[in-house]
J.: 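Okay, handing you the structure first.
Scope of the values below: all heavy atoms of this structure, side chains included, with no hydrogens, waters or symmetry mates. All ligand and atom numbering here is 1-based and tracks the order in the structure. These numbers were taken from a predicted model, which means no experiment stands behind them.
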Amino acid sequence: MRKPFVAGNWKMNTDSYTSVNLAKDLASGTLEVASESITLAVCPPFVYLQAVAKALSASNIAVGAQDMYFEPKGAFTGEISTSMLKDVGCAYALCGHSERRHVIGETDELINKKVAAAIAGGILPILCVGELLAEREDSQTEDVVTRHVKCGLAELNAEKVSAVTIAYEPVWAIGTGLTATPQQAQEVHDFIRKLLAEMYDGQLAGEIRILYGGSVKPGNTAELMAQQDIDGLLVGGASLKADDFLAIIQAAAQKT
Ligand code: PEP
């Protein structure tokens, strides 16, 4: 049984005051949510990671970074290593979020190096994959997702891949208010799980958590989570409102 996993991606939002306040509201709002029933994480901007980790230290909510670099240290101006992330209490890192792929221009090769470095450095990567609207309309969804998964996990053996969470995020549904229907999401999640079974084995494929992301709200959480292969949610906009994110967490934790 895969434990539900809900992660919030705060993107380039909040400030030193609102990030800590949001974290405190989430910590108090999840006091009754058992860590056995759900895995929880939030990904604040780098500069607030340490303060947010402190505010969440007595809670079941882990902290993740929105990105990381693959080199351990040195002359890489502006970049952040896995050991720096661990040093400030970070457990997860998003790798290959669509905004980094399509706005910043990250390639599959770079994302693969980040996933590998995260695992080697003791950070749990959340590998984001998903197609653009034009790619879906051109029936390329499976090809794009196959490329993102195969390239993102290239050269990684099954033991290493067991540390990875995959987030399927159709780009046309991110921040647009358009959500994939539960059936559209389930189809792709099922496809990814079968792909993992081909690449590794059925047992590993059955254990890896595949999250859905794209305009998740309290009102669509239950029907998304009711799908067999949707193991959790990566939430952007709605994770910035404590009440909405808590409602999403409560609904996702009901999955049995
Ligand atoms: C995201 O940032 O990964 C995301 C899914 O954003 P939103 O929920 O706002 O669509």
Side-chain angles (χ1 to χ4, degrees), residues 4-14 18-19 22-23 26 39-46 48-49 52 61-68 90 92-106 111 114-115 118 124-133 135-136 141 144-145 148-149 152 164-182 184-186 188-189 192 209-225 227 229-252:
F5 183 0
V6 172
N9 174 15
W10 295 358
K11 311 195 190 196
M12 200 169 72
N13 294 300
T14 69
T18 57
S19 60
L22 177 55
L26 295 176
T39 305
L40 299 172
V42 291
C43 303
F46 282 130
Y48 308 129
L49 280 170
V52 168
I61 308 172
V63 172
Q66 298 173 18
D67 185 33
M68 48 159 280
C90 216
Y92 294 91
L94 303 181
C95 294
H97 188 277
S98 70
E99 286 145 20
R100 298 212 59 86
R101 290 179 189 269
H102 299 294
V103 181
I104 313 290
E106 289 195 4
I111 294 160
K114 292 184 178 190
V115 173
L124 299 167
I126 301 174
L127 171 63
C128 304
V129 306
E131 80 287 0
L132 297 162
L133 181 58
E135 292 167 336
R136 173 163 281 263
T141 298
V144 172
V145 165
H148 287 173
V149 172
V164 176
T165 299
I166 296 196
Y168 169 58
E169 299 204 298
V171 182
W172 48 273
I174 297 183
T176 58
L178 293 175
T179 317
T181 65
Q184 282 174 320
Q186 166 59 25
V188 182
H189 282 231
I192 293 171
R209 288 183 288 189
I210 307 176
L211 317 184
Y212 168 78
S215 298
V216 172
K217 305 179 264 295
N220 58 24
T221 297
E223 54 176 359
L224 286 163
M225 289 300 293
Q227 303 302 309
D229 290 289
I230 299 184
D231 307 315
L233 304 162
L234 180 54
V235 186
S239 72
L240 290 165
K241 295 179 205 125
D243 288 350
D244 283 358
F245 196 50
L246 289 168
I248 290 168
I249 290 169
Q250 297 289 355

J.: So for ligand 1, is Thr176 a polar contact partner (N or O within less than 3.5 Å, distance only)?
T.: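 By distance alone, the answer is no.
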J.: Charged N to carboxylate O under 4.0 angstrom, Glu131 versus Arg136?
T.: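 Salt bridge present between Glu131 and Arg136.
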J.: Which of these, Val235, Thr176, Asn220, Ile174, sits in a side chain to side chain contact (heavy atoms under 4.5 Å, CB included) with Ser215?
T.: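 Of all the options given, the one that passes is Thr176.
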J.: Measure the spacing between CG of Leu40 and CG of Leu246 and express it to the nearest 0.5 Å.
T.: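 Atom-to-atom, Leu40:CG and Leu246:CG are 9.5 Å apart.
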J.: Atom CG in Leu224, atom CG in Leu211: separation rounded to 0.5 Å?
T.: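 Interatomic distance, Leu224 CG to Leu211 CG, rounded to 0.5 Å: 12.0 Å.
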J.: Would you say NZ of Lys11 has more than 12 non-hydrogen atoms from neighbouring residues, nucleotides or ligands within 6.0 angstrom?
T.: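 Atom NZ in Lys11 is packed in, count exceeds 12.
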J.: Return the option from Gly236, Gly175, Ser239 holding the heavy atom at the smallest distance from atom 10 (O) of ligand 1.
T.: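 Heavy atom nearest to atom 10 (O) of ligand 1 belongs to Gly175.
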J.: Can you find an N or O of Glu99 that's nearer than 3.5 Å to an N or O of ligand 1?
T.: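 In this structure, Glu99 places no N or O atom under 3.5 Å from an N or O of ligand 1.
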J.: I need the atoms of ligand 1 closer than 4.0 Å to a non-hydrogen atom of Ser215, numbered in the order shown.
T.: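 Contacts of ligand 1 toward Ser215, numbered from 1: 7 (P), 8 (O), 10 (O).
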J.: Is it the side chain, the backbone, both or neither of Ile174 that has a heavy atom closer than 4.0 Å to ligand 1?
T.: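 Both backbone and side chain.
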J.: Suppose we screen for side chain to side chain donor-acceptor pair (under 3.5 Å). Which residues come up paired with Ser239, at least two apart in sequence or across chains?
T.: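 Not a single residue meets the side chain to side chain donor-acceptor pair (under 3.5 Å) criterion with Ser239.
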J.: Tell me the protein heavy atom at minimum distance from atom 2 (O) of ligand 1, and give that distance in Å.
T.: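 For atom 2 (O) of ligand 1, the nearest protein heavy atom comes out as Lys11 CE, 2.6 Å.
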J.: For atom 9 (O) of ligand 1, what is the closest protein heavy atom, and at what distance to 0.1 Å?
T.: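 Residue, atom and distance for the closest contact: Gly237 N, 2.8 Å.
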J.: Look at atom 1 (C) of ligand 1 and say which protein heavy atom is nearest, naming residue and atom and giving the distance to 0.1 Å.
T.: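 Result: His97 NE2, 3.3 Å.
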J.: Return the set of residues passing side chain to side chain donor-acceptor pair (under 3.5 Å) with Asp244 (not counting sequence neighbours), or none when no residue passes.
T.: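 Here no residue qualifies.
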J.: What distance separates Leu234 CG from Ile210 CD1, expressed to the nearest 0.5 Å?
T.: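 If I round to the nearest 0.5 Å, the distance is 14.0 Å.
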J.: Taking 4.0 angstrom as the limit and counting only heavy atoms of Gly214, give me the atoms of ligand 1 inside it, by number and element.
T.: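 Checking each atom against Gly214, I get 5 (C), 10 (O).
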J.: At a 4.0 Å threshold, what atoms of ligand 1 neighbour a non-hydrogen atom of Ala173?
T.: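 Near Ala173, the atoms of ligand 1 are 10 (O).
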J.: For atom 3 (O) of ligand 1, what's the nearest protein heavy atom and its distance?
T.: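 I find the closest protein heavy atom is Glu169 OE2, 2.6 Å.
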